[in-house]
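Along the sequence shown, residues carry numbers from 1.
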Amino acid sequence: MQESIFFKRYSKRSYLDKPITKESLERIFEIVRWTPSCANKQPWRVIFVQNKQRHEKLSAALSRGNEWAAKAPVLVVVCAREADDYSREDDPVKYYQFDSGMATLSLLLGAVQEGLMGHPMAGYDAAGVKTALDIPDEYHVLCVISLGYEGSVDQLDERTRKKDEAPRTRKDIVEIISFDNFDF
Ligand SMILES: Cc1cc2nc3c(=O)[nH]c(=O)nc-3n(C[C@H](O)[C@H](O)[C@H](O)COP(=O)(O)O)c2cc1C
């Protein structure tokens with residue numbers, strides 16, 4: 001089980017200076033495309049940034065502590081707008097955001113399948129990201145993902161290396177799963 005893409009995915013921070021093949025990217029596009037969505041709205045818009053100037057502008061909009069991501073050969077931005085929501089009347093769930101989260105996981109798992117590492121980030125200046133990529137106002141930037149081949153932790157500064165070397169943790173199963181009724 002631990003060999004499956006689900007357990008080989010993780011978010012670390014060092015990247016090799018190696019471009020991602022067009023074929024790998026195209027397989028990831030297809031995986032993202034086939035993500036399920038509420039009422040099949042497919043609200044996600046996913047921008048793969050490789051152009052040097054755009055990449056630099058986008059990197060500059062990342063928060064302090066996420067500077068390592070500038071070394072990733074590709075930065076990805078997931079965005080969506082409320083106009084593409086499937087709205088329900090009994091509870092204001094944002095399915096356009098929920099669905100985009102699922103597309104993001106598809107992308108991250110597709111990356112693992114290609115031997116790549118994707119690291120999702122919420123640490124960015126949303127206005128800066130929008131300006132860098134010409135994203136219209138009505139769209140929310142939901143996530144920036146660094147994408148590339150994993151490098152060695154030795155390439156990282158001390159503070160970032162410590163983050164990568166820290167053990168990964170999760171809640172216990174009983175804290176997140178129950179049988180038959182809400183029992184937490
Ligand atoms: C929406 C979202 C935002 C995140 N933002 C950041 C971030 O800004 N910087 C960072 O280093 N990691 C960020 N992470 C990575 C999480 O810290 C990481 O997924 C979590 O600690 C679990 O570790 P794992 O991905 O290795 O399983 C983010 C993850 C998600 C899903």
I want to check something: taking the side chain as every heavy atom from C-beta on, are Val76 and Ile47 in contact at a cut-off of under 4.5 Å? no

Between Leu62 and Val78, is there a shared hydrophobic cluster once you connect ILVMFWY residues whose side-chain heavy atoms come closer than 4.5 Å?
no

When you look at CZ of Phe6, are more than 12 heavy atoms from neighbouring residues, nucleotides or ligands closer to it than 6.0 Å?
no

Taking Thr104 for the side chain and Ser100 for the main chain, is one N or O donor matched with an acceptor at less than 3.5 Å?
yes

Item to complete: Taking the side chain as every heavy atom from C-beta outward, state whether Gln50 and Leu75 have any atom pair closer than 4.5 Å.
Response: no

Next item on the list: Dump the intermediate steps for side chain to side chain contact (heavy atoms under 4.5 Å, CB included) on Ile31 and Gln113, then the final yes or no.
Entry: CA-CA 11 Å; Ile31 288 169; Gln113 198 155 270; 4.0 Å; yes

Practice item. Starting from the C-alpha separation in whole Å, work towards a yes-or-no answer on side chain to side chain contact (heavy atoms under 4.5 Å, CB included) for Lys71 and Asp17. Key: CA-CA 7 Å; Lys71 294 236 172 88; Asp17 183 14; over 6 Å; no

Task: Crowding at NZ, Lys163 (>12 non-hydrogen neighbours, <6.0 Å) - done: yes

**Q.** CA sep, side-chain torsions, deciding dist, call: Asp164, Leu156, side chain to side chain contact (heavy atoms under 4.5 Å, CB included)
**A.** CA-CA 9 Å; Asp164 267 21; Leu156 298 171; 3.5 Å; yes

Practice prompt. In sequence, state the C-alpha distance, the side-chain angles, and the governing distance for Lys41 and Asp85, and then conclude on side chain to side chain contact (heavy atoms under 4.5 Å, CB included).
Written response: CA-CA 7 Å; Lys41 288 273 189 177; Asp85 199 27; over 6 Å; no

Rounded to the nearest 0.5 angstrom, the NE2-CD1 distance for His140 and Ile135 is 12.0 Å

Between Gly128 and Ala61, the two heavy atoms sitting closest are C-CB, 3.7 Å

All heavy atoms of Cys143 vs all of Tyr124, minimum pair found to be N-OH, 3.5 Å

- Any chain of hydrophobic side-chain contacts (each under 4.5 Å) joining Val74 to Tyr15? no

d(Leu107 CG, Leu116 CG) to nearest 0.5 Å is 9.5 Å

With sequence neighbours left out, the residues meeting salt bridge (charged side-chain N to carboxylate O under 4.0 Å, His left out) with Glu138 are Arg81

Exercise. Measure from the side-chain N and O atoms of His55 to the backbone N and O of Ala72, and report whether any donor-acceptor pair falls under 3.5 Å.
Key: yes

**Asked** Is the closest side-chain heavy-atom distance between Met102 and Pro36 below 4.5 Å?
**Response** yes

| field | Side-chain heavy atoms of Ser178 within contact of Phe184, under 4.5 Å | value | yes

* Same apolar cluster: Met117 and Val144, side chain cutoff 4.5 Å -> yes

One should read off an interatomic distance between Arg45 CZ and Asp84 CG, to the nearest 0.5 angstrom, of 5.5 Å

Exercise for the section: Taking the six-membered ring for Trp and the full ring for Phe, Tyr or His, determine whether the centres of Tyr96 and Tyr86 are under 6.0 Å apart. Expected result: no

Has Ile173 got more than 12 heavy atoms of other residues, nucleotides or ligands less than 6.0 Å from its CD1? no

Measuring only between side-chain heavy atoms, which start at C-beta, is Cys79 closer than 4.5 Å to Leu142? no

Could you tell me whether the side chain of Asn66 and the main chain of Gly123 form a donor-acceptor pair under 3.5 Å?
yes

field: Gln155 side chain vs Val153 backbone, donor-acceptor pair below 3.5 Å
entry: no

Minimal heavy-atom distance between Tyr149 and Pro19, with the atoms involved, is CE1-O, 3.4 Å

_When you measure from the side chain of Gln42 to the backbone of Asn40, do you find a donor-acceptor pair of N or O atoms at a distance under 3.5 Å?_
yes

Rounded to the nearest 0.5 Å, the CD atom of Glu150 sits from the CG atom of Leu16 at a distance of 8.5 Å

Problem - Aromatic ring pairing His119/Trp68, orientation class (parallel under 30°, perpendicular over 60°, tilted between) - result: tilted

Practice problem: Please check if the side chain of Lys130 supplies one atom and the backbone of Tyr139 the other of a donor-acceptor pair under 3.5 Å. | Solution: yes

Tell me whether the count of non-hydrogen atoms from other residues, nucleotides or ligands lying under 6.0 Å of CG in Asp90 goes above 12. yes

On a heavy-atom basis, the closest approach of Ala103 and Trp44 is CB-CD2, 3.6 Å

message = In the structure I gave you, are the side-chain heavy atoms of Pro120 and Ser11 within less than 4.5 Å of one another anywhere?
response = yes

The side chain to side chain donor-acceptor pair (under 3.5 Å) partner of Glu56 among Arg54, Lys52, Gln53 is Lys52

Shortest non-hydrogen pair, Ser152 vs Ser14, comes out as O-OG, 2.7 Å

So NZ of Lys18 and CD1 of Ile20: to nearest 0.5 Å the spacing works out to 10.0 Å

Show your reasoning for whether side-chain hydrogen bond (donor to acceptor under 3.5 Å, both in side chains) applies to Asp157 and Thr160.
CA-CA 6 Å; Asp157 64 76; Thr160 310; 2.9 Å; yes

Would a single hydrophobic cluster contain both Ile145 and Leu58, if residues Ile, Leu, Val, Met, Phe, Trp and Tyr are joined by side-chain heavy-atom contacts under 4.5 Å?
no

Q.
Is the positively charged end of Lys12 above the ring of Tyr10, judged by distance under 6.0 angstrom from the centroid and angle within 45° of the axis?
A. yes

Report yes or no: do Phe7 and Val112 belong to one cluster of Ile/Leu/Val/Met/Phe/Trp/Tyr joined by side chain heavy-atom distances under 4.5 Å? yes

- [ ] Taking the side chain as every heavy atom from C-beta outward, state whether Thr35 and Asp99 have any atom pair closer than 4.5 Å.
- [x] no

Query raised in the report: Should Arg27 and Glu30 be marked as a salt bridge (Lys or Arg N to Asp or Glu O under 4.0 Å) after you check the CA-CA gap, both sets of side-chain angles, and the distance that decides it?
Result: CA-CA 5 Å; Arg27 283 189 288 268; Glu30 200 60 14; over 6 Å; no

Nearest heavy-atom contact between Phe48 and Leu147 is CE2-CD2, 4.0 Å

